Amino acid sequence: MKFFIDTADINEIKDLAATGMVDGVTTNPSLAAKSGKKFLDLVAEICAVVPGPVSAEVTALDHETMMKEAAVLRKIAKNVTIKVPLTPDGLKTCKALSDDGAMVNVTLCFSPAQALLAAKAGASFISPFVGRLDDIGSSGMDLIADILTIYESYDFNTEVLVASIRSPMHVVDAAKMGAHVATMPPSTLRQLFNHPLTDKGLKAFMDDWAKTGQSIL
Ligand code: E4P
């Protein structure tokens with residue numbers, strides 16, 4: 001399973017990339033706005049740190065302008081993945097871009113039917129938002145299961161990129177289902193490393209080792 005981080009904070013990206021656990025980055029207009037940086041500079045900076053797919057979202061709502069924006073974003077680096085919204089214009093753009101060899105991430109997916117459309121449009125990634133579904137009392141993980149079931153029967157090249165992740169359990173559940181990618185906030189990726197018994201066990205080992213008075217080096 002691939003791990004992407006969902007952030008536009010370059011310091012977080014550098015810090016977590018150094019762990020070797022980051023296979024890609026997703027951003028969205030809200031995260032870009034929060035960074036306070038010029039969007040094109042920000043995307044270039046992220047692409048220089050992480051060699052895997054870096055999602056940069058178009059901000060136009062119509063196909064023609066989306067294509068123009070995508071052309072600008074694609075020039076930034078080879079690993080830029082164009083992110084388009086799951087709308088008729090977004091999917092038209094997805095089809096045109098994937099036919100032209102670009103990686104495309106279709107975002108804001110909330111139903112299996114939408115995921116089917118994105119796969120038919122040639123998306124490299126479909127981003128179902130599990131946390132936002134949970135927030136309204138629907139099951140985000142049921143959506144992931146449904147999409148995986150549908151995709152299994154066909155020859156689509158679309159990877160299921162579980163998005164809007166809020167906890168380590170979302171990541172584990174997605175992995176158990178066989179989802180291809182999970183994109184998560186930096187805090188969630190850090191949480192994956194932690195277990196109180198690891199801390200407790202390590203402290204006991206170190207205390208006992210100290211008593212020996214030895215050093216390996
Ligand atoms: C993914 O690409 C989205 O940017 C992200 O996962 C949205 O998460 P949120 O619902 O926590 O804003």
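Every number for a ligand or one of its atoms is a count from 1 in the order of the listing. Just so it is clear, the structure is predicted and the values come from calculations on it, not from any experiment. As a basis for the values below, the full set of heavy atoms in this structure was taken, side chains included, without hydrogen atoms, waters or symmetry mates.
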**OP:** Please say whether Ser164 places an N or O atom under 3.5 Å from an N or O atom belonging to ligand 1.
**Re:** yes
Original post:
Are any of the N or O atoms of Ser127 closer than 3.5 Å to those of ligand 1?
Top reply: no
Original post:
Judged by modelled atom types alone, do Glu69 and Thr59 share a side-chain donor-acceptor pair under 3.5 Å?
Top reply: yes
Original post:
Going by distance alone, is a donor N or O of one side chain under 3.5 Å from an acceptor N or O of the other, for Arg190 and Thr188?
Top reply: no
Original post:
Should one rank Phe129, Phe4, Phe125 by closest heavy-atom distance to atom 7 (C) of ligand 1, which comes out on top?
Top reply: Phe129
Subject >> Sole candidate of Leu16, Leu192, Thr183 that passes side-chain contact (heavy atoms from CB on, under 4.5 Å) when paired with Phe3 >> reply: Leu192
**OP:** Could you verify whether a donor N or O on one side chain and an acceptor N or O on the other, from Asn105 and Ser127, lie under 3.5 Å apart?
**Re:** yes
Original post:
Just which atoms of ligand 1 are under 4.0 Å from any heavy atom in Thr26?
Top reply: 2 (O)
Original post:
For atom 5 (C) of ligand 1, what's the nearest protein heavy atom and its distance?
Top reply: Asp6 OD2, 2.8 Å
Original post:
Considering only heavy atoms of Arg166, which atoms of ligand 1 have at least one such atom less than 4.0 Å away?
Top reply: 9 (P), 10 (O), 11 (O)
**OP:** Determine yes or no for a side-chain-to-main-chain donor-acceptor pair under 3.5 angstrom, with Thr149 supplying the side chain and Ala145 the backbone.
**Re:** yes
**OP:** Compute the shortest N/O to N/O distance between Thr107 and ligand 1 and return yes if it is under 3.5 Å, no if not.
**Re:** no
**OP:** Could you tell me whether Lys203 and Asp199 make a salt bridge, using a distance below 4.0 angstrom between a side-chain N and a carboxylate O?
**Re:** no
Subject >> Asp208 bridged to Lys211 by N-O distance under 4.0 Å >> reply: yes
Subject >> For Ala163, atoms of ligand 1 separated by under 4.0 Å from a heavy atom >> reply: 1 (C), 6 (O)
**OP:** Could you tell me which atoms of ligand 1, counted from 1 in the order shown, lie closer than 4.0 angstrom to a heavy atom of Asn28?
**Re:** 3 (C), 4 (O)
**OP:** Have a look at Met184, Arg132, Lys83 and point out the one with the heavy atom closest to atom 10 (O) of ligand 1.
**Re:** Arg132
